[in-house]
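Both counts, for ligands and for their atoms, begin at 1 and track the order of listing.
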Amino acid sequence: MSRFFTSKYSSLTPYTPGEQPKDLEYVKLNTNESPFAPSPSVAKKVEQEANKLMLYSDPECVDLRKKMSKVFGVKSENIIMTNGSDEVLNFAFMAFADQKNPLIFPDITYGFYPVFAELNGIPYQEIPLKSDFSIDINDYLGKNKTIVIANPNAPTGLLLSLEKIEKIVSSNPQNIVIIDEAYIDFGGESAIKLTEKYDNLLVTGTFSKSRSLAGGRLGFGIANEKIINDLNTIKYSTNPYNVNRLTAAAGKAVLDENDYYLNNCKKIIENREFTKLELENLGFEVLNSSANFLFAKSEKIDGETLYKELKKKGVLVRHFEKERIKNYNRITIGTKEQMETLIQKIKEIFKEKQL
Ligand SMILES: *Cc1c(COP(=O)(O)O)cnc(C)c1O
C-alpha cells in the first residue's frame, strides 16, 4: 500500500476473481463462463463497429435497449445497460443503501456483495442459509432493509420460486429488493414480469453466463422507470460511456439470435444432469442446481485437496476458503466432453489415492 491511500479504502478487501491462467490449456470449469463461442454474427458486427471507434459510444444505449425490450418484454424506459452486471449491482448499492438502509443478504452468496457494501460504506448483515443451504424466506419478510438475493443463488445453485420472491418483495414496500438473476436462464423463472407490479423491485442480469459474452462485459437492470432514473444518475456521475461500442454491437448481435443462446442453455442443463448423476455415482453429495454449475462435496476427499489434484491434471474448478463451504467445490458445466474429462480425472485421483 502506498502512503497516499486514503483511510476510507485502506482496509478494503477486494473481490478475488477466479483464476484465469495463461500457461496451460486447462479444462476451465472455475468461473461459470459459457463453453460455447458467441454466434458468428457477433464477430462480424464487432468488426464493422471497429471502424467507428473514434466516436464515443451511445450513453443511452438506445438500439441495445430496443432489442432488450423485445427479448425481455419490458419497455426501454425500464432498462439500464451496464459494464457487466457487477456494475449495475454497485450502482444499486450506491443508490439504494446507506446507514439508514443497511443491506441484508445470505451468508453464502456472491462474494462481490460484501465488497461493494464495504466500498460504499454500507453496513450489512449476512443472514445464515439453512443447514441444507436453502434460503428461509421468513428471514427476509418485512425487514425494512435493502435486500439482495442471487436467484439461483451462487455458489449453491439453489433456486427460489417466483412465488417466494414475490412474498419478499411485497413485504418490504419501503425498501429496494435486488434479485440478481445471473443464472436464471439455466432453469429458473425470471422475476422481470413482477417489476410492472412492484416499484421496489430491481432485477439484474448479465450476458456473461448464458449469452457467451463474459469477456465483453455487458449487464443490465430492469425495474420501475424511477429506479432506472436513479441508477442513471449514478451512471452519469461515474461513467456515462460504460458500455463501449464493441460490446454494444456484440450485445445487439446476441439479442438478434436469442434462440441460439437458449438452445445452448438446454445443452448445459443436459450436461449438468449428466454430471450430477456421475458425481453421485462416485459418492459425491451434489446440491440440486438450477444454474450452470454444480456445488459438490465428497466424504472421501476434502474440497481443497480435490481442487489441487484436479488442477494438477489440467482441470480447474472453484474452491472457496469460507468455513461453511470449504469441503465443497463449485464446478462449472461445460461441454459433454469437458464433463467426461472431469469425471475421468476424479476417477483417476480416487484410484491413485486408493479412495
Ligand atoms: C457472474 C455473476 C455476476 C456478474 O457477472 P458480470 O460478468 O459482471 O455480469 C453477478 N452475480 C452473480 C451471482 C454472478 O455469479
E323 bridged to K326 by N-O distance under 4.0 Å: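 Judged by the 4.0 Å cut-off on N to carboxylate O distance, E323 and K326 do form a salt bridge.
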
Pairing of K308 and E304 as salt bridge, 4.0 angstrom limit: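 Answer for the salt bridge query: yes.
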
Non-neighbouring partners of S171 that pass side-chain contact (heavy atoms from CB on, under 4.5 Å), sequence neighbours left out: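 Once residues adjacent in sequence are excluded, the partners of S171 under the side-chain contact (heavy atoms from CB on, under 4.5 Å) criterion are L141.
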
Neighbour list for ligand 1 [protein residues, heavy atom under 4.0 Å]: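 Under the 4.0 Å cut-off, ligand 1 touches G84, S85, D86, Y110, D180, A182, Y183, T206, S208, K209, R217.
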
Partners passing side chain to side chain donor-acceptor pair (under 3.5 Å) against E77 (at least two apart in sequence or in another chain):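 Here no residue qualifies.
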
Exam field: side chain D132 to backbone S134, donor-acceptor pair closer than 3.5 Å: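 Side chain of D132 to backbone of S134, a donor-acceptor pair under 3.5 Å: yes, one is there.
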
Salt bridge (Lys or Arg N to Asp or Glu O under 4.0 Å) partners of residues 175-196, not counting sequence neighbours, each pair once: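 Non-adjacent pairs meeting salt bridge (Lys or Arg N to Asp or Glu O under 4.0 Å): D185-R211, E189-K193.
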
